[in-house]
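We name chains A, B, ... by the order of the sequence lines, and we start the count at 1 in each one.
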4 protein chains.
Amino acid sequence: MVEGTGRGRPRSESARAAVLHAVDDLLVEVGYAALTMKGIAERAGVGRQTVYRWWSNKAEVLYEASVTDARQELAVSLSGDARADVRAYLDALIAFLTRSHAGAAYRALLGEAQHDPDVALLLASRDILEDSAAAIVEAARAASGTTLSAEEATALLIGPSFFRVLSGHRAEDIDTAALADRFMRALASP
Amino acid sequence: MVEGTGRGRPRSESARAAVLHAVDDLLVEVGYAALTMKGIAERAGVGRQTVYRWWSNKAEVLYEASVTDARQELAVSLSGDARADVRAYLDALIAFLTRSHAGAAYRALLGEAQHDPDVALLLASRDILEDSAAAIVEAARAASGTTLSAEEATALLIGPSFFRVLSGHRAEDIDTAALADRFMRALASP
Amino acid sequence: MVEGTGRGRPRSESARAAVLHAVDDLLVEVGYAALTMKGIAERAGVGRQTVYRWWSNKAEVLYEASVTDARQELAVSLSGDARADVRAYLDALIAFLTRSHAGAAYRALLGEAQHDPDVALLLASRDILEDSAAAIVEAARAASGTTLSAEEATALLIGPSFFRVLSGHRAEDIDTAALADRFMRALASP
Amino acid sequence: MVEGTGRGRPRSESARAAVLHAVDDLLVEVGYAALTMKGIAERAGVGRQTVYRWWSNKAEVLYEASVTDARQELAVSLSGDARADVRAYLDALIAFLTRSHAGAAYRALLGEAQHDPDVALLLASRDILEDSAAAIVEAARAASGTTLSAEEATALLIGPSFFRVLSGHRAEDIDTAALADRFMRALASP
DNA sequence: AATTAACCGAGACGGTACGTCCCGTCTTATC
DNA sequence: GATAAGACGGGACGTACCGTCTCGGTTAATT
C-alpha cells in the first residue's frame, strides 16, 4: 500500500520491528499480565506515541508479533493417511498451546477476548487455530465421507484438546492417538 | 467448621453478602474489564480492606459470587436415555456459556487464568464444567461400554462447544443434536 | 478523684503502665511520625479500645508518658548565685531539648500543637518549660530588682535557646555562660 | 540554569502555579492537619503524580508556596534608629507568626520538622526567620558595639517572641517596646 | 453464692490518604 | 511529518491507620 503523497518522514520500519521484538521478549520475561504499552515502548527504544500510532492496544501488537510464528508452528504436511495426519496435527496443537511462546501469546489473547470485545473481534477475524486445521479437516472429511460441515468437524477436532489445556489440565495426559481415532470414528457416517 | 478461637469481632455476614451481590451487579453493568476492587467495595458499601481481607483478588470474589449459580444452571437430571441427556446437557452448557451471567463470569475467569497462575489454580481446583458433566459422562460411558476414561470422555463432550464459544463463533450455529450423536458414536467401541 | 460507685471491674493499672511504657519505647524506636495508636496498643499487649478509653489521642498518651520525666530532668536546685543557677538551668534545658527522650516527646508535642488546637490546649494548660523555670526566674527577678513580669522574664530566659534548638541549629554552639550573662543584664533596671 | 537536554514536554508552569495556589487556599480553608497531597492535587485540577514529580512531600510544597510571602511580610526597612527598627521588626515577627497565612505555614512546617528530619533539613537550609532578621541584627550590633556573634544576637532578638507564640501564649500580651529595649540592653558591652 | 457492670483482649468494620503504576494524550526539540 | 522523550490529567492498585463496633472472657462490688 502506498503512503499517500510520500510527504514528510516515512514510517520507520526499524521502529516497527523493534516494537514487535520487544513484545516477544517481554512476553517471555515478564508475562502477559505485566506487559504494558509503556514497557514495550521503553524496551523497543521507541516513543510511546509511536506504538499507539500503529497499534491501538497491546492485544494488536501481540497479535501481530505472534501470528506468523503461530502459523508456522501449526503447519503440518499431508501424508495421505488421514488418521496419522490428524494425530500429527493434534501433537502440534498441544505443543503450540502448552510450550510455545506464540501459543502463550494466543492463549493470552483468547483470554483477553473473553472480556474485551475489541480483542474478540480481532481474533474472530482470522482464527489462527481454525485456519491451521483447515487442510487436515478437509482431508479427513474427504476420507470419511462425513456429512458434517467443515466448521463442525473443526470443532470436533480441536475442541477436546483445547478444552483440556485451557481449563488447566496437565497436557501430558492427553492421548493424541486415541483422540485421533475417536475423531475419525465421530466423523464416519452411520 | 469452627472459626479459630472465636476471639474478636466475628466476620460480618452482611458485608460478605453485599460484596458478592455487588460483584454480580457490576459484572452485568460494567463488564469484567471495568470491574475493580475499588468499585466493588464502594458498590457494596463496604471498606476496601474488608474485601481484601477475605478475597485476595477480584477473581476470587467473582468465583465465589458465581459458582453457586453456575452449578445450578448446569445441573441436568438423568432420564435414562443417554443421547437425550447428552443433548440436554449441551444445550444447558451453551446457554450457560453464551447467555448466563454466571457463564460470563466463568468465561472472564477462564480468560484471566490464561495469564494469571493464581486464577488458573483457583479454577483447576474445582473445575465447574467438569464437575457438572460428571453424571452425564458416567451414564454415557456406562451405556456405551467405552474404554475411554472419564476425563477423556468429558473433553470429547465439552470440548467442541467450548471451543466454538470461546473462540468467538456464533452459538446459534451449534447443532447440539448432531453433536450428541457424534459424541455417542465416538464413545462406542469398535 | 473517686470513680463513682466502684461497681464493675476497676481500671487495670497494669494496662495503663504497659501503654505508657510502650509509648516511651516506640518513640525511641520508630520516632513520633511512625507512632500510631494501633502500634502502641499492640506493643503494650492491650486492646485498641483500652487506649482510646483513657486517652483520646496519641498526644495525650505521649504527654502523660513523658511529663514526669520532663519535670525531673528540668529540675534545678537554687544555690543563691542567680547567674550560676540560670546557667545551670540553661544547660539542663538544652540537654532536655536535644538529648533527652522526654525532650523529644516535648518537641514532638509542641510540633503537633502548631497544627492541632487540641494539642495546643493540652500543652498550654500546664506548660512544662514555664513551670520548670519558675523558681529560677523568681530568684533572678529578686536578685536583679527588675521591673519585668515573670512571664516576660521567662521568655527572655528560655526563648533564645528554645529558638536555636527548635529551628534546627546545632545545640553545641550555644554558649550558656554568655547567655546567662546577657539574661541578667537584660533583667537589670536602667 | 539549563534543564537537561530540553527533550520531552516541558514542565507545565500553569500546573506548578495551580498547585501552589491550591496549597495556599487549602491551608486557610482546612488547616495543615487536613492538608493532603490528594486534596492538593484535586483542588489544583492536577494529577497526583504531577505533584509528587516536583515535590516529594507536602512540606516541600508548603514551603515553596509560602516562602515568598514570608520574606515580604518580614521585610523591614532600616531607619537608622536601631531600637525603633528592632521594635518594628518584632511587631512584624509577631504579626507574621500569629496572624499571617504564611506564618501559619511556617509554624506548621516548624512543627513537622520536630518529628521529620527531612522537613528539618528543608527548614535549616534557609531559615526564613534568621534571614529576615539579618539586617536588623547587623545594625543593632554595629550600634551597640557588642561582642556577641550574629547568631547569638539573632537568638536573643527572635527567641523570646518565638517562644511565647510557639508555646501557645497569647500574642497580644507581648510588649515589643520593652522587648526591644531589653534586647538593646543585653547586647551592650559591660 | 449469684448477679451485675465495667473493663479487658482481640479483631473486623466503614473510611480515607498514602505513594506507585499505568493509561492514553499532549507538547517539546530533533531528525 | 514522524520520531524519542517525557510531562500531563486521570484513576486503580494494595497497604496502613483511623476511630468504632462487637464478640467472649475476666474481675470486682453489690446483692
Under a 4.5 Å cut-off applied to non-hydrogen side-chain atoms, are C:W54 and C:R16 in contact?
no

Can you confirm if the NZ or CZ of C:K58 lies within 45° of the ring axis of C:Y63 and under 6.0 Å from the centre of its six-membered ring?
no

Could you pull out the closest heavy-atom pair between B:A22 and B:R43, with the gap in Å?
CB-CG, 3.6 Å

Any D:W54 side-chain N or O less than 4.0 Å from OP1/OP2 of F:dG6:
no

Atom-pair distance (CG on B:D118; C1' on F:dG14), nearest Å:
15 Å

For the pair made of CD1 in D:I40 and C1' in E:dG19, what is the distance, rounded to whole Å?
14 Å

Rounded to the nearest Å, what distance is computed from the CH2 atom of residue B:W55 to the C1' atom of nucleotide F:dT15?
19 Å

Using a cut-off of 6.0 Å, state whether more than 12 heavy atoms not belonging to D:R11 lie near its atom CZ.
yes

From B:L35 CG over to B:D25 CG, what is the distance, rounded to the nearest 0.5 angstrom?
11.0 Å

Along DNA chain F (nearest heavy atom to each residue), the more 5'-positioned of C:L35 and D:E13
D:E13

Whole-Å distance, B:R43 CZ to F:dA12 P, equals 15 Å

Look at the side chain of C:Y52 and decide which nucleotide, out of E:dG19, F:dC8, F:dT20, has an atom nearest to it.
F:dT20

Taking the minimum atom-to-atom distance to the side chain of C:R11, which one of E:dC8, E:dC23, E:dG15 wins?
E:dC8

Would you indicate, yes or no, if E:dG9 has its OP1 or OP2 atom less than 4.0 angstrom from a side-chain nitrogen or oxygen of C:T50?
yes

Would you kindly compare A:M37 and D:R9 by the position of their nearest DNA chain E nucleotide and give the one closer to the 5′ end?
A:M37

Would you kindly give the CD-to-P distance between B:E42 and F:dG14, to the nearest whole Å?
15 Å

If you assign A:Q49 and C:P10 each to the DNA chain E nucleotide with the nearest heavy atom, which residue ends up on the more 5' nucleotide?
C:P10

Atom CD of B:E60 to atom C1' of F:dG14: distance rounded to whole Å?
14 Å

Would you mind telling me which residue lines up with the more 5' stretch of DNA chain F, D:S14 or D:R48, judged by nearest nucleotide?
D:S14

So, does A:R53 get its side chain near the phosphate of F:dT3, meaning an N or O under 4.0 Å from OP1 or OP2?
yes

Within the structure shown, what part of the strands sits under 4.0 Å from D:G39 by heavy-atom distance: base, sugar-phosphate, or nothing?
nothing

Looking at E:dC22, F:dA7, F:dC13, which one has an atom nearest to any side-chain atom of B:K38?
F:dC13

